[in-house]
There are 2 protein chains.
Amino acid sequence: MLQTRIDDHAPTSRESMREAQEIFYKHLKRVGLKHTDQRDTILRTFLETRDHLSTDELFRLVRKKDSKIGFTTVYRTLKLLAECGLASAVPFPDGMARYEHQFNRRNHHHMVCTECDASVEFFSPEVNKLEEEIGRKYHFDATRHNFQIYGVCEDCRKKSRRAI
Amino acid sequence: MLQTRIDDHAPTSRESMREAQEIFYKHLKRVGLKHTDQRDTILRTFLETRDHLSTDELFRLVRKKDSKIGFTTVYRTLKLLAECGLASAVPFPDGMARYEHQFNRRNHHHMVCTECDASVEFFSPEVNKLEEEIGRKYHFDATRHNFQIYGVCEDCRKKSRRAI
DNA sequence: ATGAAAATGAAATTCATTTTCATTTGGCAT
DNA sequence: ATGCCAAATGAAAATGAATTTCATTTTCAT
């Protein structure tokens, strides 16, 4: 999925990477699972991205680093990452399961163009305030939210104007 | 999907129903499609709901009214309804395609319990303001949005406290 | 080093979604 | 009203993403 960023974050730094790995391996230990090279490679690959990746998209990236890693392993590792909060599923209207990594990236949202599927990230602290307020009001212990705005981007608007 | 409502809207009124039907049939005419009893039944059934229905769930409801209507027809009609804006897809984390009708029901949002999947509707005019502002800022022609808060509901919190 | 438990990955399975196709139906033209 | 034909229908088949199975390999505590 095409994606633009309006902010200018550097890719996950080496130290953050290590920190995330630690979270992952603590989780593995806690539930009695093992440390493997494949899981290492998959986590690293995932942290290097900033998109909403389908399992297959991540698999393709992983394969570039180690062509022997299978789809199934990527699929299962992504679930583990979601379990320990490093990844989270982003429901998109195309129905395919997409994940994005959550390490040091909370509180951003997406604007999706319904013509070309391009998406733009934006940050809005107000949304976080709302989450909190509404949780309190309805006695929910709110942990996260999902906010997407759909519309038509400038490019597509121009294109369709030209087409008339 | 279990669902609670915190507001107290009456089900779609007879007049609104007729209005929605008119929108639907104008759309059909516009794209050269025909008026059928099946489509009528499916639209009516859909408008009577207030949940996020999967195609299969709507099919089951429709079947109660006319057992001869097939799944495929419900599936296709739901797409038509989405085309003319009477239905819209709500992406949920379970990945199944779910629709809710949009007739006189814009601007509501959902809080979803991650334990029991129950959902509660809430209304927040602030979110609409945000949609507008952000659209303007990033030159998107914003048409709709999707806002869901995930958390643990009061009941599940009580249950898990008891379990300890 | 050894062995039990877990991981891996290819292949098979499941299941929602979508398409195909033979038949029926709606609605315009006559 | 009747005929025509494009569209609709629905059963069945196809598709494709997600998940499970299972034989083999690897990890790691001892």
Side-chain angles (χ1 to χ4, degrees), chain A residues 1 21 24-45 52-84 87-99, chain B residues 1 21 24-43 45 52-84 87-99 117:
Chain A
M1 188 182 268
Q21 271 174 3
F24 187 36
Y25 289 120
K26 273 200 181 125
H27 174 73
L28 290 179
K29 194 149 244 176
R30 189 166 44 243
V31 294
L33 302 180
K34 288 168 182 171
H35 182 174
T36 69
D37 287 352
Q38 288 93 329
R39 284 177 176 163
D40 234 5
T41 303
I42 294 166
L43 173 58
R44 257 183 304 111
T45 308
H52 321 114
L53 295 169
S54 66
T55 311
D56 195 63
E57 282 163 355
L58 181 59
F59 168 61
R60 282 158 201 277
L61 292 176
V62 165
R63 204 165 44 175
K64 283 184 197 165
K65 299 201 171 167
D66 182 349
S67 63
K68 292 188 298 311
I69 295 177
F71 176 88
T72 315
T73 304
V74 174
Y75 165 80
R76 284 186 282 223
T77 304
L78 218 26
K79 289 210 133 181
L80 287 173
L81 293 173
E83 260 175 38
C84 64
S88 73
V90 187
F92 270 96
D94 73 355
M96 239 201 313
R98 288 175 183 286
Y99 294 84
Chain B
M1 186 182 271
Q21 271 174 3
F24 187 36
Y25 289 121
K26 272 197 183 129
H27 175 73
L28 290 180
K29 195 151 244 176
R30 188 166 45 242
V31 293
L33 302 180
K34 288 168 182 170
H35 181 174
T36 69
D37 287 352
Q38 287 94 327
R39 286 176 175 165
D40 233 6
T41 304
I42 294 164
L43 173 58
T45 308
H52 322 113
L53 296 169
S54 68
T55 311
D56 196 63
E57 282 163 355
L58 181 59
F59 167 62
R60 283 157 200 275
L61 291 176
V62 166
R63 202 166 47 175
K64 283 185 196 164
K65 298 202 173 167
D66 183 347
S67 63
K68 293 187 297 312
I69 295 177
F71 175 87
T72 314
T73 304
V74 174
Y75 165 79
R76 283 186 282 225
T77 304
L78 217 28
K79 289 210 135 182
L80 287 173
L81 293 174
E83 259 175 39
C84 64
S88 73
V90 187
F92 269 95
D94 72 357
M96 237 197 318
R98 288 174 183 286
Y99 294 84
D117 279 342

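Since the structure is predicted, the reported quantities are computational estimates derived from the model, not experimental observations. Here is how names work: the chains are called A, B, and so on, in the same order as the sequence lines, proteins then strands, and each is numbered from 1. When reading the values below, keep in mind they use all heavy atoms of this one structure, side chains included, and skip hydrogens, waters and symmetry mates.
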Gap between atoms CD and C1', on B:Glu57 and C:dT17 respectively (whole Å): 15 Å
What residues in residues 28-37 of chain B put a non-hydrogen atom under 4.0 Å from any atom of DNA chain D? B:Gly32, B:Leu33, B:Lys34, B:Thr36
Nearest 0.5 Å, what's the CG-CZ distance between A:Asp40 and A:Phe24? 8.5 Å
Counting just side-chain N and O atoms, does A:Arg39 come under 4.0 Å of either OP1 or OP2 of D:dT27? no
Would you name the heavy atoms of A:Leu80 and A:Leu28 that are closest together and state the gap between them? CD1-CD2, 4.0 Å
Where is the tightest heavy-atom contact between B:Ile42 and B:Leu58, given as atom of each residue plus distance? CG2-CD2, 4.2 Å
For the base of D:dG10, is there a side-chain donor-acceptor partner from B:Arg76 under 3.5 Å away? yes
Output for pair (A:Arg39 CZ, A:Arg76 CZ), nearest 0.5 Å, gives 8.5 Å
So, A:Asp56 and A:Tyr75: side-chain donor and acceptor under 3.5 Å apart, yes or no? no
Separation of atom OH in B:Tyr75 from atom P in D:dA13, rounded to whole Å: 19 Å
Return no unless some side-chain N or O of B:Gln38 is found under 4.0 Å from OP1 or OP2 of D:dG10. yes
Whole-Å distance separating the CG atom of A:Leu78 from the C1' atom of D:dA17: 14 Å
Provide, to the nearest angstrom, the distance between the OH atom belonging to B:Tyr25 and the P atom belonging to C:dG26. 12 Å
Rounded off to whole Å, could you give me the CG-to-C1' distance for the B:Leu80 and D:dA7 pair? 12 Å
In whole angstrom, what separates B:Phe59's CZ from D:dT9's P? 14 Å
Watson-Crick/G-U partner (both atom distances under 3.5 Å) of D:dA18: C:dT13
Whole Å only: how far is the CZ atom of A:Phe24 from the C1' atom of C:dA7? 12 Å
Applying a 3.5 Å limit to both distances, which nucleotide forms a Watson-Crick or G-U wobble pair with D:dC28? C:dG3
Has the side chain of A:Arg98 got a donor or acceptor atom that lies under 3.5 Å from a matching backbone atom of A:His52? yes
Flag side-chain contact, heavy atom, 4.5 Å: B:Phe59 against B:Ile69: no
Take atom CZ of A:Arg98 and atom P of D:dA18, then tell me their distance rounded to the nearest Å. 9 Å
